[in-house]
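Everything on this sheet refers to the single structure shown next.
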Amino acid sequence: MSKHGSLLRRIALAIIGYAMRLVPPDRSSWARGMRQEIDYIDSDRSAVGWAVGCLFAACRERVRAIDPLRTPLARSVLALMIGFEAFQALFAPMMVFSYRLGDIGVTRTLGGLTPGDDYRRFIPLMDTANELPLSLWSVSGILFIAAAWQLVRTHRAAFGLFALAYVLSLIGSGVGTLIPDYSDASRRAFTFAQPNFRRDVLIPAASALLPIVVGTVLWWSSRPRVPPSHEANSDEAG
Amino acid sequence: MPRRSNTSPQARALFAALLEQPQTWRHGYELSKHTGLKSGTLYPLLMRLSDSGLLECHWEEPEKPGRPPRHAYRMTGTGLAFARDTALITTTPRPMRTGEVPA
């Protein structure tokens, strides 16, 4: 083994020292294990290669240990985003049912939130809307709310509920496009004389991206956390 | 339909190395040289196996004075059964399709 003073050996020790600081506390025993191996590697060049690999391993463990939903604030923000998804899923059923039940005040209010600000251009759409997609969107909206509730209560079931809700909402949209009258009315309702970047590009892109971002964060946080290491004996090295 | 292992080639290489001497405690650098796995691949794999209860580890006192203690690893009983099962699945030949010529 080369002397500890050689430049490459010192570089290897510096890298592995950084790797040791990087690993999460519950992996410190592993980090020490990686560090000690350096002293059993004869070649300085191999020691540097070993240390670089250990740095990658440490980064990997550090990233795996990140839980973006650890704080109540982060969970609340994500729950709000899921709430927005629920509102989006329930929007069409609420509008159609209020229109069909003759509660025009609710229909008018909801119509005011749409591009064009007028519920009347949705009348052909609401007349042709089928119960199947409306039911799917309703169930989807309820599941989104359940997912948000589970998230606030820190239950890991939030991801499963969210994924199910998202899939149901996509199926509802898919079913809607298969109904010719509804599909035509929908196309007419969302065709505008003047192009508008915010309405035509920005909002649809954000609407498509939001569930993907929320789903990814939920999935990441729902992964099982690292359990304590299985040490055969407790005599830890110093 | 034959069962196919979803274990990565790196994990299979590690299992093979650990199965060669199942009762012997092995060290990280030795396993790395034996399997050809870099430390950046080997250690996350060892950690996952340990988390799943397939691998046990302990600190080994140095044979020569002046050297630091080493972290050593070997498969648990469950790990050995799993590794043998994985090796068995991996080596199970794929059934020939009708008209297929053997290589």
Quick one, [X] and [Y] - any side-chain contact, counting heavy atoms below 4.5 Å?
X	Y	value
Phe56(A)	Lys38(B)	no
Met47(B)	Arg64(A)	no
Arg70(B)	Tyr40(A)	yes
Arg27(A)	Tyr43(B)	no
Trp30(A)	Cys57(B)	yes

Subject >> Minimum heavy-atom distance Gly40(B)-Arg60(A), with the two atoms named >> reply: O-NH1, 3.6 Å
**OP:** Mind listing the closest non-hydrogen atom pair of Ala57(A) and Ser39(B) along with its distance?
**Re:** CB-O, 4.2 Å
Original post:
For Glu20(B), does the CD atom have more than 12 heavy-atom neighbours from other residues, nucleotides or ligands under 6.0 Å away?
Top reply: yes
**OP:** Select, from Ser32(B), Gly28(B), Pro62(B), the one with the greatest count of heavy-atom pairs under 4.5 Å involving chain A.
**Re:** Gly28(B)
Subject >> Sequence neighbours excluded - side-chain hydrogen bond (donor to acceptor under 3.5 Å, both in side chains) pairs with any residue from residues 73-82 of chain A >> reply: none
Original post:
Pick from Ala51(A), Gly49(A), Cys54(A): which one has the most heavy-atom pairs with chain B under 4.5 Å?
Top reply: Cys54(A)
Subject >> side-chain contact (heavy atoms from CB on, under 4.5 Å) assessment of Gln36(A) paired with His71(B) >> reply: CA-CA 8 Å; Gln36(A) 313 288 52; His71(B) 216 203; over 6 Å; no
